[in-house]
Amino acid sequence: MLKIHNSLAREKQEFVPIEPGRVRMYVCGMTVYDYCHLGHARVLVVFDMVVRWLRASGFQVTYVRNITDIDDKIIRRAAENGESIRALTDRFIGHMHEDATALGVEKPTHEPRATDYVDRMLEMIGRLERNGYAYLSGNRDVCYSVRKFAGYGRLSGKSLEDLRAGERVDVAEGKHDPLDFVLWKHAKEEEPAEVKWASPWGSGRPGWHIECSAMGCDLLGEHFDIHGGGQDLQFPHHENEIAQSEGASGGTFVNFWMHNGFVRVDDEKMSKSLGNFFTIRDVLGRYDAEVVRFFILRAHYRSPLNYSDSHLDDARQALSRLYTALKGWPAGGGVDWSEPHARRFREAMDDDFGTPEAMAVLFDLANELNRTRDGRIAVQLRGLGGVLGLLQRDPVEFLQSGAGGELAPEDIEARIAQRAAAKQARNFAEADRIRDELKAAGIVLEDSPAGTTWRRA
RNA sequence: GGCGCGAUGGCAGAGUGGUUAUGCAGCGGCCUGCAAAGCCGUCUACGUCGGUUCGAUUCCGGCUCGCGCCUCCA
């Protein structure tokens, strides 16, 4: 049985779906005004893994990952670039999809854009107003009255008093309480028409939090199973989502909240504001995308993940071991879940998505495969790897891939043929010279009774 | 200041009240013309001080250090 660490309870809980056999899940996606960085890659990969495991466990999953395409930073960036909001967001949505695809991330069931849901947001704001949670502030923004919502602070484990004690925000003009947040931003003169929508409260645009409540409730219903996102969204974003959704519906919004840990650089959070981020495409220029996915899944999703080149190098070595074991075995065949390794894998994954332990099982399978050369083990290894979105390529293709390939495969093959001839003539000095020369170029040769093969170091 | 998380071997990273994580790297052996890969074996651990216990890396408390959230952020 699956257990999930629920941020709401701060402990692992047995996962029971609202509707038997079915899971409805929402994850906060990207704000599209720039390239995705490795922190985004982690959210993408982690929740892709979660969905894959839920499906492998027999659930029918509806997975929604939204796109925020209206926001202060988007407006500013579009103005800087002298382009329309739509042109900017369309472009970066395209780039995001390229990155996600490279990382082996499957498409979500729905990928709603905030700007397509403004009507739903207005409807929800209207309900909040009728239920007494929303008010029109002095500067004509519509705000949410945090103290009216009894459960406020439950997700982040904060009380309103705690939050006020640490108050660091300038009190925005006209708010009843500094912690109140904006549901609807009143339009400003200088803003382009593209960011103005008509509403009962005047022309304006939605606040950030309302979009997720509106899209989630519309696509998944007012009560669904899992809501995920990065740790930094726990407060205030997710706290506010709960306040909005439950304030509007009157019932429970989400049963399980999941938050993934940060990617770090030199033990500091990787973030745009700190400027210490690497974009996904930077990294994919130097490392194989599957290596990056492997690197992400090698740590537990809630732990911090330190990024560095040496860690990626290490990940590549490790993944190579798996593919080396798989070399020569045909693809295909389903996982036998009654087999001991598969059971251990299932146990690991059922314990709050324990991918590090699940991967240890993969290495144990590789060892057994190398020892026994039993085809059934190869099927298990590839099959279980596939559950994590790994090991689905041709092993030779993986082992021969990699950056820094000045030598074309034909050249390498030609050198191998020359070396074979030298060996035939028992001219080992010449054979070793060729091998050393290739090694200097990053090519490693491996002799076997069947002939010589090569891979990139 | 408030709230929370973490501290494991050279590096990365799981887990457990008493018996091997796993990977990378190192060392020894087998294999090999020599290598590489693989196999076998092997060395480096559980921040610190107390407590509970027959026994704690694992439970409890103090301390130190690191990190995060409290402001846009995955």
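Naming convention: chains lettered A, B, ... in sequence-line order (proteins, then strands); numbering from 1 in each chain.
Rounded to a whole angstrom, the distance from the P atom of B/A12 to that of B/U20 is 24 Å.
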Distances under 3.5 Å between nitrogen or oxygen atoms of protein and nucleotides 28-33 of chain B:
| unit_1 | atom_1 | unit_2 | atom_2 | d |
| --- | --- | --- | --- | --- |
| B/G33 | N1 | A/D432 | OD1 | 2.9 |
| B/G33 | N2 | A/D432 | OD1 | 3.3 |
| B/G33 | N2 | A/D432 | OD2 | 2.5 |

Report, as a single string ordered 5' to 3', how protein heavy atoms within less than 4.0 Å touch nucleotides 13-25 of chain B: B base, S sugar-phosphate only, - not at all.
SS------BSBBS
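Inspection of the A/Y301 and A/D352 side chains reveals an N or O donor paired with an N or O acceptor under 3.5 Å. Under the 3.5 Å distance criterion, with hydrogens and angles disregarded, a donor-acceptor pair is assigned to the side chains of A/T89 and A/R113.
Between the base of B/C69 and the side chain of A/K158 there is a donor-acceptor pair shorter than 3.5 Å. No hydrogens or angles were tested; on distance alone, a donor-acceptor pair under 3.5 Å links the side chain of A/K269 to the base of B/C73.
By the salt bridge (charged side-chain N to carboxylate O under 4.0 Å, His left out) test, A/K148 is found to be paired with no residue, residues two or more places apart in sequence or in another chain being considered. With sequence neighbours excluded, the residues that form a ring pair (Phe, Tyr, Trp, His ring centres under 6.0 Å) with A/F398 are A/Y323. In this structure A/Y307 satisfies the ring pair (Phe, Tyr, Trp, His ring centres under 6.0 Å) test together with A/F278, sequence neighbours excluded. A search for salt bridge (charged side-chain N to carboxylate O under 4.0 Å, His left out) contacts involving A/E268 returns nothing, not counting sequence neighbours. Checked against salt bridge (charged side-chain N to carboxylate O under 4.0 Å, His left out), A/K439 has no partners two or more places apart in sequence or in another chain.
Counting non-hydrogen atoms under 4.0 angstrom, A/R302 reaches nothing in the nucleic acid.
Within the 4.0 Å cut-off from OP1 or OP2 of B/C39, at least one side-chain nitrogen or oxygen of A/N370 is found. Checking the phosphate oxygens (OP1, OP2) of B/C73, a side-chain nitrogen or oxygen of A/W208 falls inside 4.0 Å.
Less than 4.0 Å separates RNA chain B from at least one heavy atom of each of the following residues of residues 231-238 of chain A: A/D232, A/L233, A/F235.
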If pairs are Watson-Crick or G-U with both distances under 3.5 Å, what is the dot-bracket string of RNA chain B, marking crossing pairs with [ ] and pairs to another strand with |?
(((((((..(((.....[...))).(((((.......)))))....(((((..]....))))))))))))....
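Contacts classified as salt bridge (charged side-chain N to carboxylate O under 4.0 Å, His left out) and involving residues 383-395 of chain A (residues at least two apart or in different chains) are given here: A/D288-A/R393, A/E290-A/R393, A/R393-A/E397. Residue pairs meeting the salt bridge (charged side-chain N to carboxylate O under 4.0 Å, His left out) criterion with at least one partner in residues 353-366 of chain A, sequence neighbours excluded, are A/R344-A/E357, A/R344-A/D364.
The two residues A/I296 and A/L305 have their closest heavy-atom pair at CA-CD2, 3.9 Å.
Side chain of A/R52 to backbone of A/L388: no donor-acceptor contact under 3.5 angstrom is found.
The residue among A/V263 and A/T324 whose nearest nucleotide of RNA chain B is located toward the 5' end is A/T324.
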Enumerate, atom names and distances included, each donor-acceptor pair closer than 3.5 Å involving a side-chain atom of residues 27-34 of chain A, sequence neighbours excluded.
none

Steps toward side chain to side chain contact (heavy atoms under 4.5 Å, CB included) verdict (A/R205, A/V118):
CA-CA 8 Å; A/R205 61 189 162 93; A/V118 175; over 6 Å; no
